[in-house]
Every structure is written in C-alpha cells, then in structure tokens.
Asks: 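My structure is below; once you've seen it, I'll send some questions.
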Amino acid sequence: MKAAGRSVRTRLRDRVAASDPGLLRLTAGLRTVGAIALALAVLAVSGADVTHLVAGAMTAMVATFAIREKESRAQAVTVALGLPVALASVSVSALLSSRVVIGDAFFVVLIFCAVFVRRFGDRGTALGLIGFQVYFVSLFVGAEVSALPGLWGAIAVAFVSSAVVRFAVVPATPAGVLQRLRQAFRARLAQLIATQTELLDTGPDGIEKTLEHLRDGTARLHETALMIQSRLEEGTPDESTARLVQRRIADAEIAAERLGLLLLTARSAERADTLTLHLPGAPAPSVGRSPAPGEATEILRRDLGALRTLVLRPPAEARGTALSHLRNRLLGYRDEENLPEATAAVQDVFRGIGETARAVMGLRIALDGPQDESDDTPATTRSREELDAEDAAIDAGEEAAPKEEEPTGLRRPTTRAAVQVSVGSSLAILGGEFLSAERWYWAVLACWIVFLNTASTGEILVKGYRRVLGTMLGVVAGIGLAGLVGGHTWIAFGLVLLLIFAMFYTAPLSYTLMSFFVTAMLGLLYTLLHTYSLSVLLLRVEETALGAACGIVAAALVLPIRTDRRTNELLGTVLERLTDVTEGAVDQLSGGPAADLLDTARELDQALGDLRAATQPLTHPITPLRARRDTARYVVALLETCAYHARSLAATAELLPAHPSIAADPRLRGAVRRTVRNIEAIAARVADEDAGTEVETGPSIASLLAPDAAGVPRYGRITGRVLRHLERLDEAVMGLARPLGVPVRTPTR
C-alpha cells in the first residue's frame with residue numbers, strides 16, 4: 001500500500017512538474033495570495049476600514065509581483081527600496097489630488113521615469129513598476145492628504161507582509177527553483193518518450209494528431225531546457241557544475257529529438273524531414289501499418305517503456321538490480337552485435353534508444369551524483385568511461401564573451417518606450433477625462449500595460465486586442481460575482497484572493513485569461529468600496545479600449561518600430577548566431593581549438609525564441625494576411641530545424657576530445673564553407689533588400705569529402721551522424737532562400 005501511495009504521489013508530482021516547470025506559476029500565485037491575505041489579516045485586526053483594506057491588498061499584490069530578481073539578497077534590497085518609493089508615490093498623489101492639471105502632468109512624468117529606469121535591470125524595472133502602480137492605487141481609492149497616515153500604515157503593512165511571505169512562508173531559492181526545473185525536464189522528457197511510443201501503433205488516420213502531440217512535446221522539452229539555462233548561474237555552486245548540467249541537458253534534448261525523427265522515419269517510406277517536427281500543420285509522412293512487424297515491434301514498445309522508466313525513476317527508488325538491468329539492456333544497443341534482426345530503419349531506432357539511454361545516464365549522474373556500478377555490463381562501463389572523460393574535459397575557465405555595444409539616445413529601447421508610453425498616456429488622460437472625470441486612470445493603466453514586454457507596433461496591437469477581449473468577458477463575470485456576493489465583505493475578499501491566484505497562475509499562458517480575472521476581481525473591489533454599478537463596469541471596457549487604442553496610436557506614430565523591421569532585426573541576429581555555432585562546431589570538428597560551443601548554441605536558441613515571439617502578430621489567427629502568416633511560420637520552422645542541427649553539431653564537437661568514435665577531419669572546414677556563405681548571403685539580403693547577394697547550390701557535403709591522398713576512406717574520420725546533420729543544415733539553409741526572396745545560383749561546371 002505504501003509503495004502504491006508513493007507511486008501515485010510520484011505520478012502526480014511529475015504531472016504538476018511538467019505542467020508548471022519549476023513551479024514558477026504556482027509560487028507566484030501562492031506568494032501573491034499569501035501576501036494579500038496576511039496584509040488583510042493584520043489590517044483587519046488593527047481596525048482598518050474597507051478603503052485601507054483595499055489599498056493594502058492592492059499594494060501587497062504590487063510589492064510581490066513587481067520583484068523578479070532571482071537571488072534572495074537582491075530581492076530583499078529591492079523590497080527595502082520599494083517601500084519609500086511607494087510612500088512617496090502615494091503622498092504625491094494625495095497632495096496633487098485637487099490640482100488636476102499638475103497632477104496629470106506629474107503622472108505622465110512618473111510614467112516616463114517608470115519605463116526609463118528599466119535600463120537598470122530587474123531592480124529598476126521593479127521600482128518603476130511600484131511607483132506607477134501605487135500611484136494608480138491611490139487614484140483608485142481616492143487618496144487625500146487627510147487620509148495619508150492611514151494609507152502609509154496600510155502600505156507599510158503590505159510591504160512587510162509581502163516580505164514575510166516571500167522569505168519565510170513561500171521561499172524560493174535559486175538552487176530550489178533549478179532543482180524543480182530539473183524535475184520538470186525529466187517529466188517532460190518522459191512525456192515526449194510516451195508520445196513517441198504512440199508512433200508505433202498510430203495508423204494513417206491518427207498520424208496527424210500524434211505528430212502534433214510530438215511537436216508540442218518537443219517544443220515543451222526545449223522550453224524547459226532554456227529555462228534551466230537561464231537559472232544555471234545562480235542555482236549551481238560553481239561554473240564547472242553549471243557547464244556539466246548544461247551539457248547533459250543538451251545531450252538529452254538532442255537525443256530525444258533524434259529518437260523521434262528515427263521513429264518517424266521507421267514508420268514512413270523515406271527518411272523523415274526534420275522540418276516535420278518544427279512546422280505546425282506540416283503534412284505528415286505516409287505511414288504503413290507497423291514499423292517492424294512481429295517481435296521487433298514488441299521489443300521496441302518494451303524498450304521505449306523501459307527508457308521512460310529510466311527517465312522517471314527517482315534515485316531513492318532506483319536501488320536494486322531491476323533498473324540496472326533495464327539500463328544495461330538499452331545501453332547495449334550502442335554495440336552493433338546487440339541490435340535485433342530488423343530493417344535498417346528499425347535498427348536505427350534501437351541505436352537511437354541506446355544513445356538516448358546514454359544521455360539519460362549522464363543526466364542522472366549530473367543531477368543525482370554517482371550511481372551504483374556493481375551491475376554494469378561492458379557496454380555500460382564503456383558509456384560511463386566516455387561520460388567521465390567528457391566531464392574531465394570541462395573547462396570552467398572560459399573567458400566571458402565581450403558585451404555588445406548598446407544603442408544610445410532614442411535608439412535605446414527603454415528610452416523609446418518611455419517616450420511612446422508617455423505620449424500614449426497623455427492621449428489616454430485627455431480621452432479618459434471625456435469619458436469619466438473620476439475613473440480616467442483606467443485608460444492610462446491600459447495604455448501602460450500594452451507597452452509592457454512589447455517591442456513593436458504589431459505586438460502592441462495584439463496585446464491591446466487581447467486585453468480588451470479579456471476585459472469584456474471579465475465584466476460579465478464581475479456582474480455575476482457582484483450580485484452573488486452582495487454586502488458580504490469577507491466572502492468578497494475570499495473570491496478576490498481566488499481570482500488573483502488564477503490571474504498569476506494563468507498570466508504566462510494567456511494574456512486574455514489574465515485580463516479576464518483582473519476585471520472580475522475589480523468588480524468585487526468596487527462592490528467592497530460601495531461604488532459598484534453596471535455602468536462602472538461598462539465604463540471600464542470603454543476606458544480599456546481607449547487606453548489600448550492610445551497605446552497603439554503612440555506606437556505607430558511616435559518613434560515607431562514596425563513589426564517588419566523588428567522581425568528583420570531579430571532574423572539577422574538569429575542568422576548571425578547560426579553562423580557562429582556552425583563555424584565554431586565545424587572548426588572544432590576539423591581539428592581547431594576548443595570553444596564554448598554550448599553557450600553559443602544557447603544564444604542561438606534565445607535569439608530564435610525572441611524571433612518567435614516577435615512574429616506572433618504575423619502568425620496570429622485573426623491576421624487577414626494568410627500568405628504572410630504561412631511564410632512567417634515556415635521561416636521560423638526552418639530556422640528551428642537549422643538550430644536543431646547546429647545544436648547537434650555543437651554537442652558532437654564538444655565530445656571530440658573524449659569520444660573514441662569521433663576524430664577531427666580537416667576536410668570538413670572546406671566542405672561546409674558553402675553553407676556558411678549562404679547563411680551570410682541570406683543575412684545580408686535581410687539587412688538590405690537591395691543587396692545583390694545570392695545563395696549557391698552544389699554537390700552534397702558527403703560527396704565533397706572525397707578520399708585524401710593517403711587513401712583515408714570518405715567516412716573514416718567522422719561519424720555518419722555528423723554528415724547527416726551537416727547535409728540537413730545545408731538543405732534547410734537553401735530552403736530559407738525562397739521565402740526570403742534570395743536568388744539561387746547553380747554554379748556552372
């Protein structure tokens with residue numbers, strides 16, 4: 001019974017870890033709700049009235065969500081600095097409450113400063129956000145000079161409550177967050193393997209759905225790997241440990257994605273295109289009834305289940321010989337003599353299982369420490385020796401890459417955004433005053449929010465649309481909740497806490513849902529302040545629409561960054577990073593000096609993530625430009641394919657000093673020169689449409705690696721896998737030429 005209960009708890013924990021990597025959303029929701037609840041309890045005991053309860057609750061929320069720094073010490077400093085900023089903000093608001101013109105002018109100046117200080121990192125962003133939001137809270141509760149002492153007390157209680165919950169009730173250390181992200185990576189890796197197993201039995205009618213699940217699982221695994229990468233510096237004791245974890249995460253991710261491609265190839269009549277896993281809506285390959293009729297299918301199904309068990313089983317439950325037996329059997333597939341009788345494509349799947357098992361073993365050693373070696377087979381011992389040699393080759397003394405020069409003046413993103421949001425807020429104040437002399441600030445808030453985490457006019461347009469939609473739906477919910485609550489104050493506050501938790505838990509998933517919960521919560525707050533009416537909630541929709549429109553107008557007319565310009569800049573960065581990774585990996589595979597390739601590969605991933613986010617306005621379902629949407633999706637998918645092959649080359653190159661089956665081949669450098677030139681040509685065309693560049697076709701890379709003068713065989717010094725990655729990268733780069741309008745030239749003989 002105990003074992004069964006533990007198994008259920010383990011499955012539940014893995015499911016939660018996979019749905020919320022690092023429990024970051026859960027932590028944000030619990031911290032915010034806890035801070036508000038504690039502030040309300042303290043204020044209620046002290047006899048505060050409803051106005052001060054509302055002010056304390058809203059300030060506690062702001063003091064919690066505004067602070068995003070990872071280390072506890074930095075968070076404590078920001079909390080301490082945030083309190084005087086909040087007190088000054090509410091004081092100025094109360095002093096200027098009767099001076100409309102001066103108050104509005106100061107609000108605009110405050111908005112400019114709040115955005116401008118983002119250039120100083122997380123702390124500047126937090127303090128600017130606190131200053132703006134607390135000023136808004138004072139407008140919401142109608143702060144006056146006579147009420148300042150009570151508001152100061154409520155704000156102080158809110159900040160202390162936020163600190164208590166953050167550091168004592170719901171603590172989250174960088175090491176703890178990283179540990180939970182590791183568990184999320186394991187859970188998502190296991191989910192991906194389970195989806196890959198479905199490929200064995202999926203018929204022609206169900207292949208599209210299974211393939212969509214496979215794409216989602218691959219993307220979710222990659223997302224978690226990037227989240228781990230962003231936390232390694234703070235969450236590990238030293239740089240050597242960080243690089244070890246980084247390498248093992250990259251190995252496991254690449255091996256899992258390759259296993260999916262091999263399974264897909266085994267189900268189809270020809271080798272699966274890597275683009276199939278990256279392009280939403282890409283046609284599925286034609287599949288037969290089974291990849292390996294008879295015994296081979298059962299062995300595949302059994303071993304994929306064993307691989308999933310190997311991923312999920314925690315160290316405390318991994319004792320005994322059962323797990324060792326599974327591990328040894330899977331690692332045995334790395335030796336040709338252990339492969340079952342089957343077609344060549346199915347044998348490739350078994351090889352992929354063996355390589356994934358090796359990556360999983362390396363991941364377990366990196367995350368959980370040394371493992372029991374008493375039951376090792378020769379194949380397992382060889383894999384351990386390879387992993388140990390790779391670990392010993394880690395150089396923690398890499399020099400930091402030089403920082404790129406940042407733009408200055410109005411070219412700096414924070415300065416441009418500050419000017420834009422100030423102009424938009426000025427328009428929102430003027431328009432909001434016409435709609436309502438009392439609640440004009442809702443328009444300013446909407447204008448402010450649509451500028452947060454956006455960088456182009458298209459992104460602001462999409463965010464404004466989502467906010468208006470969520471607000472409209474939230475008004476309907478607010479009407480219903482206000483009618484149910486009536487005059488029951490504490491029931492209303494309880495529902496407010498639930499809505500706030502839902503708001504923070506869903507914020508990273510859907511901006512529309514977050515806006516819905518915010519508006520429903522505000523309906524309850526208006527009820528508590530005895531200012532609720534249907535006209536008030538309808539006014540909120542009008543003010544929100546006005547504010548979003550003002551933000552869009554300001555973004556389009558004041559120092560605009562068009563979506564095309566933004567995406568072209570990011571596309572150029574992605575191509576530059578792709579060149580760096582490809583050249584670095586090929587140079588090392590050709591015998592050049594060792595370089596920090598995995599960090600360079602992750603920079604490519606980050607740049608690609610920025611591009612993917614920037615193309616959302618182009619790929620949004622409501623866009624009327626269908627052809628443009630399809631082109632954007634196709635280009636991003638091709639770049640993801642390029643990034644996958646570049647990551648694989650980088651990981652293979654880093655194995656070069658320790659892996660017995662990989663040796664440097666100087667011929668690679670010349671063979672890949674055309675691919676690099678083509679990437680540079682595409683980048684030049686993206687930067688300047690009038691550039692007279694063109695890409696060049698030619699013979700396959702494998703055919704360029706002819707035997708040398710000493711008679712070394714064509715594939716005598718490098719593995720076939722390296723060649724496959726190089727050829728697929730070359731094909732994907734050529735595929736980018738057509739949608740980006742780059743001419744293709746075929747060399748004359």
Side-chain angles (χ1 to χ4, degrees), residues 211 215 261 268 270-285 458 562-579 581-583 604 607-608 610-612 614-620 623-646 649 671-704 724-749:
L211 187 56
R215 292 190 190 110
L261 285 170
S268 58
E270 56 185 3
R271 182 172 293 277
D273 189 348
T274 317
L275 186 62
T276 306
L277 284 185
H278 298 137
L279 180 60
R562 296 179 58 84
T563 302
D564 287 348
R565 175 184 167 188
R566 169 75 173 163
T567 53
N568 283 345
E569 288 176 352
L570 293 174
L571 176 56
T573 302
V574 171
L575 293 171
E576 181 182 344
R577 298 289 182 268
L578 179 62
T579 301
V581 177
T582 304
E583 283 190 319
L604 168 61
L608 186 53
D610 293 340
L611 175 64
R612 192 183 301 110
T615 57
Q616 284 186 0
L618 303 177
T619 60
H620 196 275
T623 179
L625 305 175
R626 304 298 182 183
R628 191 181 183 191
R629 180 190 64 184
D630 294 340
T631 299
R633 285 180 174 176
Y634 183 69
V635 168
V636 171
L638 274 174
L639 289 169
E640 288 176 342
T641 293
C642 292
Y644 162 69
H645 292 297
L649 288 171
V672 186
R673 192 172 296 137
R674 184 188 68 215
T675 303
V676 173
R677 284 200 307 267
N678 286 342
I679 298 174
E680 293 173 342
I682 294 172
R685 187 60 175 256
V686 169
D688 181 7
E689 293 183 358
D690 297 327
T693 59
E694 55 187 8
V695 298
E696 177 184 337
T697 62
S700 68
I701 291 178
S703 68
L704 296 176
R724 284 197 296 271
H725 286 307
L726 290 172
E727 290 189 321
R728 290 302 175 91
L729 176 61
D730 186 60
E731 293 168 2
V733 169
M734 290 300 303
L736 283 169
R738 181 181 61 80
L740 295 177
V742 183
V744 179
R745 176 172 62 90
T746 302
T748 56
R749 293 184 178 276

Asks: Closest heavy-atom contact between Asn678 and Met734?
Replies: ND2-SD, 3.5 Å
Asks: Over all heavy atoms of both residues, which pair between Gly735 and Tyr634 is shortest? Give the atoms and the distance, please.
Replies: O-CE2, 4.1 Å
Asks: Less than 4.0 Å between a side-chain N and a carboxylate O, is that true for Arg724 and Glu727?
Replies: no
Asks: Restricting to side-chain contact (heavy atoms from CB on, under 4.5 Å), what partner residues turn up for Ala683, sequence neighbours left out?
Replies: Leu575
Asks: If the condition is salt bridge (Lys or Arg N to Asp or Glu O under 4.0 Å), which residues does Arg677 pass it with, not counting sequence neighbours?
Replies: Glu696
Asks: Taking all non-hydrogen atoms of both residues into account, name the closest pair between Pro739 and Thr631 and its distance.
Replies: CB-CG2, 4.0 Å
Asks: Among all residues two or more places apart in sequence or in another chain, which pass the salt bridge (Lys or Arg N to Asp or Glu O under 4.0 Å) test with Glu694?
Replies: Arg745
Asks: Name all residues meeting the side-chain contact (heavy atoms from CB on, under 4.5 Å) criterion together with Ala732; count only those two or more places apart in sequence or in a different chain, and write none if there are none.
Replies: Leu638, Thr641, Cys642
Asks: First locate atom CG of Leu736, then atom CG of Leu639, and finally report the distance between them rounded to the nearest 0.5 Å.
Replies: 5.0 Å
Asks: Excluding sequence neighbours, so at least two apart, what forms side-chain contact (heavy atoms from CB on, under 4.5 Å) with Thr573?
Replies: Arg577, Ala607
Asks: Any side-chain to backbone donor/acceptor pair from Arg685 onto Gly741? Under 3.5 Å, distance only.
Replies: yes
Asks: Taking all non-hydrogen atoms of both residues, which atom of Ala737 and which atom of Val695 are closest, and how far apart?
Replies: CB-CG2, 3.7 Å
Asks: Quick one: do Leu578 and Leu729 satisfy side chain to side chain contact (heavy atoms under 4.5 Å, CB included)? Show the steps, please.
Replies: CA-CA 10 Å; Leu578 179 62; Leu729 176 61; 4.3 Å; yes
Asks: Are any of the side-chain heavy atoms of Thr582 and Val676 separated by less than 4.5 Å?
Replies: yes
Asks: Among residues at least two apart in sequence or on other chains, which ones pass side-chain contact (heavy atoms from CB on, under 4.5 Å) with Ala637?
Replies: Leu275, His278, Leu279
Asks: Roughly how far, to the nearest 0.5 Å, is the CD atom of Glu640 from the CZ atom of Arg215?
Replies: 11.0 Å
Asks: What residues, two or more places apart in sequence or in another chain, satisfy side chain to side chain donor-acceptor pair (under 3.5 Å) together with Asp730?
Replies: Arg674, Thr675
Asks: Drop me the distance from Arg673's CZ to Glu583's CD, to the nearest 0.5 angstrom.
Replies: 10.5 Å
Asks: Quick one: are Ile682 and Val733 in side-chain contact, heavy atoms under 4.5 Å?
Replies: yes
Asks: Pick out which of Leu570, Val742, Thr567, Leu571 makes a side-chain contact (heavy atoms from CB on, under 4.5 Å) with Val686.
Replies: Leu571
Asks: Could I get the full list of side chain to side chain donor-acceptor pair (under 3.5 Å) partners for Glu569, not counting sequence neighbours?
Replies: Arg565
